[in-house]
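Atoms considered below: every heavy atom in the structure, side chains included; atoms not considered: hydrogens, waters and symmetry mates.
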Amino acid sequence: MRLLETQSFDIILVEERLQAFHNHQPSETGSHLIRTLKSIQAQDHILWIGVSAHLKCDQSSLEASGVDLCWGKPPPRMSVDLRNKLLGTILV
């Protein structure tokens, strides 16, 4: 979290099911991490992307945390529409 205090980011991708890879408490989900990071991060131009292999189950939690986009796995293929959406959010 110290990186957010000293560095600038354009895009941050966060996996929803963090506990699947580490021995985190159940409350330490990607959604929880996003809310925590957004509370200490003052930059408005960051594009927050929530990622999950189980998007149908996790999308509402990710959206409630304030992500700009939710992606399943694998991520969507780059298209003109996706590129414009990404740039439109970053360059605001």
Side-chain angles (χ1 to χ4, degrees):
M1 293 203 205
R2 289 184 200 155
L3 275 176
L4 286 177
E5 296 168 0
T6 60
Q7 302 294 316
S8 175
F9 296 92
D10 293 322
I11 300 174
I12 297 179
L13 286 93
V14 179
E15 165 64 44
E16 173 63 8
R17 296 183 181 219
L18 298 174
Q19 71 272 15
F21 301 104
H22 303 287
N23 285 330
H24 291 287
Q25 299 299 318
S27 64
E28 293 180 351
T29 63
S31 299
H32 180 261
L33 176 62
I34 291 165
R35 283 189 294 276
T36 302
L37 294 176
K38 287 183 122 193
S39 72
I40 63 170
Q41 177 56 308
Q43 298 176 12
D44 293 330
H45 74 279
I46 293 176
L47 176 67
W48 295 88
I49 302 174
V51 180
S52 175
H54 307 280
L55 194 57
K56 287 183 182 180
C57 296
D58 298 332
Q59 187 166 359
S60 61
S61 296
L62 288 166
E63 289 174 346
S65 70
V67 296
D68 299 300
L69 297 170
C70 292
W71 287 352
K73 291 182 180 177
R77 290 188 168 276
M78 185 56 71
S79 66
V80 172
D81 290 336
L82 180 57
R83 183 196 67 202
N84 290 341
K85 189 171 192 174
L86 296 172
L87 289 174
T89 303
I90 293 171
L91 298 176
V92 171

- Starting at OG of S39, measure out to CD1 of I34 and round the result to the nearest 0.5 Å. 12.0 Å
- Quick note, side chain to side chain donor-acceptor pair (under 3.5 Å) partners involving residues 62-71, not counting sequence neighbours, are Q59-E63
- Rounded distance [0.5 Å steps], OG1 in T36 versus CD in E28: 9.0 Å
- Item | Minimal non-hydrogen separation, G72 against L55, with atom names | N-CD2, 3.5 Å
- Task: Go through L86 and L69 one step at a time and tell me if the side chain to side chain contact (heavy atoms under 4.5 Å, CB included) criterion holds.
- Result: CA-CA 9 Å; L86 296 172; L69 297 170; 3.7 Å; yes
- Message: Using modelled atom types and a 3.5 Å cut-off, is there a donor and acceptor pairing between side-chain atoms of E16 and backbone atoms of S31?
- Response: yes
- Excluding sequence neighbours, so at least two apart, what forms side chain to side chain contact (heavy atoms under 4.5 Å, CB included) with I90? D10, I11, L47
- Side-chain heavy atoms of L37 within contact of W48, under 4.5 Å: yes
- Message: Please determine whether side chain to side chain contact (heavy atoms under 4.5 Å, CB included) holds for the pair R83 and L87, giving the CA-CA distance in whole Å, both sets of side-chain angles, and the decisive distance to 0.1 Å.
- Response: CA-CA 6 Å; R83 183 196 67 202; L87 289 174; 3.9 Å; yes
- Under the side chain to side chain contact (heavy atoms under 4.5 Å, CB included) rule, what do T29 and L18 come out as? Steps first, then yes or no, please. CA-CA 5 Å; T29 63; L18 298 174; 5.9 Å; no
- Could I get the full list of side chain to side chain donor-acceptor pair (under 3.5 Å) partners for D58, not counting sequence neighbours? R17, S52
- Say whether, by atom type as modelled, one donor and one acceptor occur between the side chain of K73 and the main chain of V51 under 3.5 angstrom. no
